[in-house]
Amino acid sequence: MIFAEDEDDPFPVDDGCLFSETFSQETAYRLMGEELRITQLFGANLGVAAPVWEAALHLCRFLEDQSVELRGRRIIELGAGTGVLGILAARRGAEVTLTDLPLALPQLQANVSANAPPDGWPSAPPAVLPLRWGQDHLGFPADWDVVLCADIVYLPETYPLLAETLAHLCQNGAVAYLSSKMRREHQTQSFYEEHLASGFDVELVHRDDKQNNNIYRASKRTEQ
Ligand SMILES: C[S@@+](CC[C@H](N)C(=O)[O-])C[C@H]1O[C@@H](n2cnc3c(N)ncnc32)[C@H](O)[C@@H]1O
């Protein structure tokens, strides 16, 4: 397996399986005053969908620090992986749709079920649906309030597809928050500066130098 150049970030350059044995690990997170228990299923061919990536935790903390309003908002998350970010938003009162590749959905659904509050979800239980960038987005509404993305900018061949999906989802004024480890070997910067910037106003709103993680806020430019 080939690893990225940053030793803190054991990200496989090929999108293969991260672990040779199958095991699950439950981790407790306390975020925005909510206690979440997230299971990561390693070695079950989930590849990079299995772990909770740091970028997701950075975005959880950013939304809290900036007091971004979640209650009552219609939120969709792309490439949700374990679902930690979107599940947190749903626990804070958002109406959330979690999406990923079909293979990642059982883990996602299991984490949703495991994190149902005893008194029920404040808005509704998060929906879990397949959404492959550039392929499935036309089956989704275009009137979201917020689109969340954590560590999904790492496959250069998907950048035009991801930009196309975001353009559809954000066409009625949604704000997208995208948190990314800025990997040189994956040309992550080029997604923001070229693919996204061609149709969106993109602003860098947070940077963590130590972990080389950027958070961007993006809104689709309205056509003149
Ligand atoms: C590095 S993981 C990040 C997971 C999660 N957002 C996090 O930060 O913990 C990338 C995610 O993107 C998903 N993904 C990769 N290619 C995709 C595609 N073409 N369409 C939809 N999702 C995709 C993977 O299944 C995986 O869940």
Side-chain angles (χ1 to χ4, degrees), residues 1 3-4 6 8-19 25-27 29 31 36 38-63 75-90 96-112 115 126 128-140 146-169 176-183 185-186 188 191 195 208 211-216:
M1 185 186 298
F3 287 109
D6 179 346
D8 287 340
D9 179 34
F11 199 107
V13 170
D14 66 359
D15 186 12
C17 190
L18 281 168
F19 299 88
Q25 178 183 312
E26 189 189 78
T27 307
Y29 295 91
L31 297 158
L36 300 187
I38 299 294
T39 296
Q40 307 173 70
L41 190 55
F42 296 109
N45 288 327
L46 292 190
V48 297
V52 171
W53 293 88
E54 272 299 326
L57 302 178
H58 279 290
L59 189 46
C60 291
R61 292 185 204 111
F62 173 84
L63 295 174
I75 295 181
I76 186 166
E77 181 176 1
L78 304 182
T82 63
V84 63
L85 174 60
I87 291 171
L88 181 65
V96 175
T97 297
L98 298 167
T99 71
D100 206 310
L101 296 173
L103 64 78
L105 301 186
Q107 170 179 263
L108 206 39
Q109 184 60 62
N111 279 324
V112 168
N115 285 284
V128 174
L129 293 170
L131 195 172
R132 295 162 296 174
W133 311 324
Q135 289 186 57
D136 301 324
H137 56 253
L138 292 179
F140 284 77
V146 177
V147 180
L148 296 176
C149 308
D151 216 339
I152 63 170
V153 182
Y154 64 97
L155 295 170
E157 66 274 19
T158 67
Y159 294 174
L161 305 173
L162 183 53
E164 196 189 324
T165 292
L166 284 165
H168 171 76
L169 299 172
Y177 290 98
L178 306 102
S179 179
S180 276
K181 181 97 171 174
M182 302 304 288
R183 301 183 182 88
E185 67 277 21
H186 295 160
T188 303
F191 172 75
H195 298 276
D208 183 303
Q211 295 196 335
N212 190 22
N213 195 92
N214 285 359
I215 297 177
Y216 296 88

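No hydrogens, no waters, no symmetry mates; every other heavy atom, side chains included, goes into these values. Predicted model only: the values in this text are computed from it and were never measured. In listed order, ligands and their atoms are each counted from 1.
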Report task. May I have the step-by-step check of side-chain contact (heavy atoms from CB on, under 4.5 Å) for L131 and L129, ending in yes or no? Result -> CA-CA 6 Å; L131 195 172; L129 293 170; over 6 Å; no
Query raised in the report: Can you list the atoms of ligand 1 that are under 4.0 Å from a heavy atom of P51?
Result: 9 (O)
Requested in this report: Under 4.0 Å from a heavy atom of G81: give me the atoms of ligand 1 that qualify, with their elements.
Outcome: 4 (C), 27 (O)
Report task. Kindly confirm or rule out an N or O of W53 lying under 3.5 angstrom from an N or O of ligand 1. Result -> yes
**Report entry** Shortest non-hydrogen contact from G134 toward T165
**Finding:** N-OG1, 2.7 Å
Query raised in the report: So, for L108 and G81, which heavy atoms are closest and what is the spacing to 0.1 Å?
Result: CD1-O, 3.3 Å
Query raised in the report: Does an N or O from R132, backbone or side chain, lie closer than 3.5 Å to an N or O of ligand 1?
Result: no
Requested in this report: Compute the minimum heavy-atom distance from A80 to ligand 1 and say whether it is under 4.0 Å.
Outcome: yes
Query raised in the report: When the ring planes of Y177 and F62 are compared, do they come out parallel, tilted or perpendicular, using 30° and 60° as the limits?
Result: tilted
Query - Atoms of ligand 1 close to V52 [distance to a heavy atom under 4.0 angstrom, numbered from 1] - result: 9 (O)
Report summary line: Min over D151, L131, L162 of heavy-atom distance to atom 21 (C) of ligand 1 lands on L131
Requested in this report: Output all residues satisfying side-chain contact (heavy atoms from CB on, under 4.5 Å) with P102, sequence neighbours left out; order by chain, then residue number.
Outcome: P130, R132
Query raised in the report: Between R183 and D151, is there a side-chain N and carboxylate O pair less than 4.0 Å apart?
Result: yes
Query raised in the report: So between G79, G134, C149, whose heavy atom ends up nearest atom 5 (C) of ligand 1?
Result: G79
Query raised in the report: So which bit of A49 gets within less than 4.0 Å of ligand 1, heavy atoms only: side chain, backbone, both or neither?
Result: both
**Report entry** Side chains of S179 and N213, donor plus acceptor under 3.5 Å
**Finding:** yes
**Report entry** Test of proximity, A150 against ligand 1: N or O pairs below 3.5 Å
**Finding:** yes
Query raised in the report: Which heavy atom of L85 sits nearest a heavy atom of L59, and at what distance?
Result: CD2-CD2, 3.7 Å
Query raised in the report: With a 4.0 Å heavy-atom cut-off (strictly under), which part of S179 contacts ligand 1: side chain, backbone, both or neither?
Result: neither
Query raised in the report: Below 4.0 Å from any atom of ligand 1, is there a heavy atom belonging to T82?
Result: no
